[in-house]
> 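Have a look at this one before I ask anything.
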Amino acid sequence: MYLKETKSTYSMASKLKGFSDWLLKAIASVNLEAIVLSGSHEYSPLIEELWKDEAIQATYNRRNELEKLPRVATYFLERAVEISKEEYEPSDMDILYAEGITSSNGLASMEFSFPTPAKSGYIDSIDQRYSKMRYQLIRVHPRSLGENCKWLEMFEDVNIVLFCVSLTDYDEYYEDNKGLLINKMMASKQLFESIVTHPTFYKKDFLLIMNKFDLLEEKIEQSPLTQCEWFCDFHPVISHNHNNGTYVNPAPSLAQCAFHYMAAKFKRLFHSLTERKLYVSLVTGLEQDSVDESLKYAREIMSWDEEDVTIINISQSSTRNLLRVWRHAPLSFWVSL
């Protein structure tokens, strides 16, 4: 009883400890993929058991202190047994969660269209207008967006630019080609300034898509927004009393305050550079309804201007997402570097 009570929160049973040590050695080897694939049926139950172990869960709850740990780990580790089956085929959601874990110097593209509105009931005019469009999404490596980038001039006919920012980038860093650590949010700010002031996009509408709000809600409770130098003056007053007399709406959460604060920072920056209004949309990228609403908002903005429209989507992340569509074309095409 005494041993049980004094057992460390981060200690594991000998069997799991032995397996985890072996797994770490396999990860460090150059033949990890071959090792795992050859014994996936044998190892998957152990991986599932390891993932559910109290010590691993206690460690994972402190993942904000660990570098280079994908936040999608939960999704895949909970499906270790299912994924290891021979008949396993990745679902659309599996593919979405896997997206962005690794980066590539090459290009990747896919074609898609939005669902056709239901024939029964009310059909939104915006949805009906754009339901038959075909889109092509292409991912470009960030090195393609240097100061001497020339291909942006090819998008001089766009009507709106979608600029994507991850709300969780404020305390994350990447290493540039000089070996220096660069704050990802500051890199987004710098890229935003260069795109907004590029002659190609003079007087174009911009929609700022602020992504990963669900992860922001989790992270900001442990990692303050002030870790980013641009957000050093973020000092919200959060009320923990949600019964404010006759008021129906509860006080905003810390994550909501942070979102509005970051949106305001980008809006002020945009106005100082262009003297124009910046549109903003909050998105949780893995929730289809959230993405649909954001893209519908973009289509509404376009409908306020001309009928013939083009979209370009630029994201500051491990890769850049570019989206272009021609109003009367049955299928869009893409020009890349």
Side-chain angles (χ1 to χ4, degrees), residues 96 110-138 152 155-167 188 192 195-196 198 200-214 216 249 256 259-271 273-317 320-334:
L96 284 174
M110 65 174 293
E111 297 174 1
F112 69 98
S113 60
F114 292 101
T116 303
K119 294 182 180 180
S120 59
Y122 173 73
I123 300 177
D124 188 282
S125 60
I126 300 295
D127 289 338
Q128 186 175 28
R129 178 182 177 185
Y130 291 100
S131 62
K132 295 183 179 181
M133 278 190 178
R134 295 283 294 172
Y135 296 79
Q136 187 177 43
L137 178 71
I138 191 166
L152 282 178
F155 295 96
E156 61 183 358
D157 58 341
V158 303
N159 285 56
I160 188 170
V161 178
L162 310 184
F163 192 95
C164 304
V165 173
S166 170
L167 290 166
S188 288
F192 182 75
I195 295 298
V196 164
H198 195 282
T200 299
F201 305 122
Y202 179 66
K203 290 189 176 180
K204 302 295 185 182
D205 286 327
F206 273 72
L207 173 60
L208 177 67
I209 296 180
M210 308 195 79
N211 189 23
K212 300 184 180 181
F213 181 73
D214 55 330
L216 176 67
N249 295 326
Q256 289 171 328
F259 156 67
H260 288 295
Y261 169 86
M262 286 186 274
K265 295 285 280 190
F266 274 99
K267 288 172 75 72
R268 286 195 290 267
L269 175 61
F270 184 80
H271 187 267
L273 296 171
T274 67
E275 295 187 349
R276 302 180 72 243
K277 178 181 179 180
L278 174 67
Y279 301 97
V280 179
S281 179
L282 180 63
V283 169
T284 298
L286 293 174
E287 295 180 3
Q288 181 177 340
D289 291 343
S290 174
V291 176
D292 286 349
E293 284 300 314
S294 183
L295 293 177
K296 181 179 178 181
Y297 184 34
R299 298 197 296 269
E300 288 176 350
I301 296 171
M302 292 188 293
S303 71
W304 301 335
D305 298 318
E306 301 176 6
E307 287 190 2
D308 299 330
V309 295
T310 305
I311 308 174
I312 178 172
N313 180 346
I314 299 177
S315 169
Q316 169 68 28
S317 61
R320 307 293 185 260
N321 299 322
L322 304 176
L323 176 62
R324 190 172 189 176
V325 57
W326 276 259
R327 176 68 179 86
H328 299 293
L331 178 66
S332 64
F333 66 94
W334 201 259

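In what follows, residues are counted from 1 in the order of the sequence shown.
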> Give me the atom names and distance for the closest heavy-atom approach of Met262 to Met210.
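Minimum heavy-atom contact is CB-CE, 3.8 Å.
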> Under the criterion side chain to side chain contact (heavy atoms under 4.5 Å, CB included), which of Leu162, Ile160, Val161, Leu278 is the partner of Asp205?
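The option that passes is Ile160.
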> Under the rule for side chain to side chain donor-acceptor pair (under 3.5 Å), what residues qualify as partners of Ser290, not counting sequence neighbours?
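So Ser290 forms no side chain to side chain donor-acceptor pair (under 3.5 Å) with any residue.
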> In sequence, state the C-alpha distance, the side-chain angles, and the governing distance for Phe266 and Val280, and then conclude on side-chain contact (heavy atoms from CB on, under 4.5 Å).
CA-CA 9 Å; Phe266 274 99; Val280 179; over 6 Å; no
> Not counting sequence neighbours, which residues clear side chain to side chain contact (heavy atoms under 4.5 Å, CB included) with Leu282? List them please.
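Side chain to side chain contact (heavy atoms under 4.5 Å, CB included) check on Leu282 returns Leu167, Phe213, Phe259.
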> Can you name the side chain to side chain donor-acceptor pair (under 3.5 Å) partners of Thr200, sequence neighbours left out?
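Testing Thr200 for side chain to side chain donor-acceptor pair (under 3.5 Å), a comparison that skips the adjacent residues, returns His198.
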> Taking atom CD of Glu275 and atom NZ of Lys203, what is their separation to the nearest 0.5 Å?
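One finds 10.5 Å between CD of Glu275 and NZ of Lys203.
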> May I ask you to check whether over 12 heavy atoms, not counting those of Lys212, lie within 6.0 Å of atom NZ?
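No, not enclosed.
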> Which atom names give the shortest non-hydrogen contact between Ser188 and Phe163, and what distance separates them?
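Taking every non-hydrogen atom into account, O-CZ, 3.6 Å.
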> Nearest 0.5 Å please: distance from the CG atom of Leu295 over to the CD atom of Glu300.
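Taking CG in Leu295 and CD in Glu300, the distance rounds to 11.5 Å.
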> I'd like to check the ring-ring contact (aromatic ring centres under 6.0 Å, His included) partners of Phe270; sequence neighbours left out, ordered by chain and number.
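By the ring-ring contact (aromatic ring centres under 6.0 Å, His included) rule, Phe270 matches Phe206.
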> So which pairs with a foot in residues 260-271 pass side-chain hydrogen bond (donor to acceptor under 3.5 Å, both in side chains), sequence neighbours left out?
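Sorted result for residues 260-271: Asp233-Tyr261.
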> Applying ring-ring contact (aromatic ring centres under 6.0 Å, His included), can you list everything that pairs with Tyr279, at least two apart in sequence or on another chain?
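In terms of ring-ring contact (aromatic ring centres under 6.0 Å, His included), with neighbours along the sequence ignored, Tyr279 is linked to Trp304.
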> If we only count heavy atoms from C-beta on, is the Thr274 to Val196 side-chain gap below 4.5 Å?
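Thr274 vs Val196: side chains touch.
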> Suppose we screen for side chain to side chain donor-acceptor pair (under 3.5 Å). Which residues come up paired with Thr284, at least two apart in sequence or across chains?
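Applying side chain to side chain donor-acceptor pair (under 3.5 Å) to Thr284 gives none.
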> Are side-chain heavy atoms of Ser281 and Leu208 found at a separation under 4.5 Å?
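No, too far: nothing below the 4.5 Å cut-off.
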> Show your working on side-chain contact (heavy atoms from CB on, under 4.5 Å) between Cys164 and Ile209 and close with a plain yes or no.
CA-CA 5 Å; Cys164 304; Ile209 296 180; 4.1 Å; yes
